[in-house]
Amino acid sequence: LQHDQQRLLAYCFANVQRHYRQSDLGRYIHATAKPGFTFVDVGANLGMYALIARDAGMNAVLVEPEPAHAHFLARNTSVFGAVLQEAFSDAAGSAPLYYD
């Protein structure tokens, strides 16, 4: 685990998961999820909201352009769902991805 956020998730998963479940979006997902529906997590990062949706019975599609996060998610598709290493935009084309 060379990425700080992946290490945090590996060592403190229960605390991180609790934080996301108790967030406004986490509570909203849990309250409105219907089994069999599809949750699309655009800018998935490490997929915590997708996990909440999956726990509620939803299918998940994660969109994550950052290579380290996308690789982490793709290694765990059985847990997170389908992963697209893409960036979404309102126009066709390509552009460099800048991240820190």
Taking salt bridge (charged side-chain N to carboxylate O under 4.0 Å, His left out) as the test, write out the residues that go with R21, two or more places apart.
D55
P67 versus Q85, closest heavy-atom pair with distance
CA-NE2, 3.6 Å
Any idea which heavy atoms bring L62 and F80 closest together, and the distance?
CD1-O, 3.3 Å
Salt bridge (charged side-chain N to carboxylate O under 4.0 Å, His left out) involving R27 - partner list, sequence neighbours excluded
D24
To the nearest 0.5 Å, what is the distance between CD on Q17 and CD on Q22?
10.5 Å
Show the nearest heavy-atom pair for residues R54 and G81, with the distance to one decimal.
NH1-CA, 3.5 Å
E64 side chain to N45 main-chain N or O, any donor-acceptor pair under 3.5 Å?
yes
Membership question, hydrophobic clusters at under 4.5 Å side-chain separation (ILVMFWY): are L8 and F72 in the same one?
yes
Closest heavy-atom pair, E86 versus V63, reported as atoms and distance to 0.1 Å, is O-CG1, 3.3 Å
Rounded distance [0.5 Å steps], NE2 in H30 versus CD1 in I52:
9.5 Å
What pairs with N59 under side-chain contact (heavy atoms from CB on, under 4.5 Å), at least two apart in sequence or on another chain?
T38
If you round to the nearest 0.5 Å, how far is CG of D41 from CG of L84?
11.0 Å
For a side chain to side chain donor-acceptor pair (under 3.5 Å) check, start with the C-alpha distance between Y49 and S23, then their side-chain angles and the critical distance, and finish with the verdict.
CA-CA 10 Å; Y49 289 119; S23 71; 3.2 Å; yes
Please examine the side chains of K34 and M58, heavy atoms only from C-beta on, and report whether any two atoms are closer than 4.5 Å.
no
Under the side chain to side chain contact (heavy atoms under 4.5 Å, CB included) criterion, do I29 and F39 qualify, and how do the steps go?
CA-CA 9 Å; I29 292 167; F39 178 81; 3.6 Å; yes
On a heavy-atom basis, the closest approach of A56 and P35 is O-CG, 4.0 Å
Please report the closest heavy-atom contact between A44 and L73, naming both atoms and the distance.
CB-CD1, 4.1 Å
Would a 4.5 Å heavy-atom cut-off, applied to side chains only, mark F13 and M48 as touching?
yes
Check whether L25 and V61 end up in the same hydrophobic cluster, where Ile, Leu, Val, Met, Phe, Trp and Tyr are linked by side-chain heavy atoms less than 4.5 Å apart.
no
